[in-house]
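Scroll down for the structure; my scribbles are underneath it.
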Amino acid sequence: MQNPLRQYIYEIGSALGKLGYELCQQAQSNQSLNIHSQVKQTMDKLTYYLHNLNADLDACRYNLIKDCKSDINPLDMESLKVALHHLLNGESYTHDGETSNPATELYKMKFLIDSF
């Protein structure tokens with residue numbers, strides 16, 4: 001079995017890069033924003049790639065249990081583990097010195113938009 005990490009990390013990065021490019025193009029345009037479909041498509045792709053990555057990781061885990069062999073580089077696994085920790089638990093400082101995270105800021109944005 002091939003190492004699934006690099007293939008899916010590439011696909012996830014590519015999907016995010018395409019979304020970033022589209023957001024930049026729309027932000028520089030004088031037209032009204034029309035980003036909802038690009039965000040939805042990206043989220044669908046991310047979910048698909050994460051699901052497939054998890055399925056391949058599960059198969060690798062099964063092979064490790066069954067045969068005591070793994071095709072996954074332990075350094076790749078550690079890097080993924082730390083990256084997931086940052087994505088799920090990471091906090092950053094805001095301009096006023098308080099800590100926040102992307103999920104909190106997205107929920108604040110939802111509240112603000114809903115209040116319009």
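Owing to the predicted nature of the structure, the values given are computational and were not obtained by experimental measurement.
- Note on Leu84: it does not cluster hydrophobically with Tyr10, by side-chain heavy-atom contacts below 4.5 Å among ILVMFWY residues.
- One finds the CD1 atom of Ile9 at 5.0 Å from the CD1 atom of Ile12 (value rounded to the nearest 0.5 Å).
- Without hydrogens or angle criteria, Thr42 side chain to Gln38 main chain gives a donor-acceptor distance under 3.5 Å.
- Rounding to the nearest 0.5 angstrom, the gap separating the CG atom in Asn101 from the CG atom in Leu106 is 9.0 Å.
- Between Gly90 and Pro102 the shortest heavy-atom distance is O-CD, 4.5 Å.
- Shortest non-hydrogen contact noted between Tyr49 and Tyr8 is O-CD2, 3.9 Å.
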Problem set entry | Derivation and outcome, side-chain contact (heavy atoms from CB on, under 4.5 Å), residues Leu46 and Leu16 | CA-CA 8 Å; Leu46 288 176; Leu16 291 172; 3.9 Å; yes

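- Leu50 contributes atom CG, which lies 14.0 Å from atom NZ of Lys45 (distance to the nearest 0.5 angstrom).
- For the pair Thr47 (side chain) and Met43 (backbone), a donor-acceptor distance under 3.5 Å is present.
- Side-chain atoms of Leu57 and Met77, non-hydrogen and from C-beta on, do get closer than 4.5 Å to each other.
- Taking hydrophobic clusters as Ile, Leu, Val, Met, Phe, Trp and Tyr residues chained together by side-chain heavy-atom distances below 4.5 Å, Tyr21 does not share a cluster with Leu19.
- For residues 29-40, the salt bridge (Lys or Arg N to Asp or Glu O under 4.0 Å) pairs, not counting sequence neighbours, are Lys40-Asp44.
- Among residue pairs with one or both ends in residues 106-116, those qualifying as side chain to side chain donor-acceptor pair (under 3.5 Å) are Glu105-Lys108, Lys110-Asp114; sequence neighbours excluded.
- A side chain to side chain donor-acceptor pair (under 3.5 Å) with Glu22 is found for exactly one of Lys18, Gln26, Gln25, namely Gln26.
- Separating the CG atom in Asp76 from the CZ atom in Arg6 is a distance of 4.5 Å, to the nearest 0.5 Å.
- The residue from Ile65, Leu64, Asn63 that alone fulfils the side-chain contact (heavy atoms from CB on, under 4.5 Å) condition with Arg61 is Ile65.
- Here CG of Asn73 is found 9.0 Å from CG of Leu5. Values are rounded to the nearest 0.5 Å.
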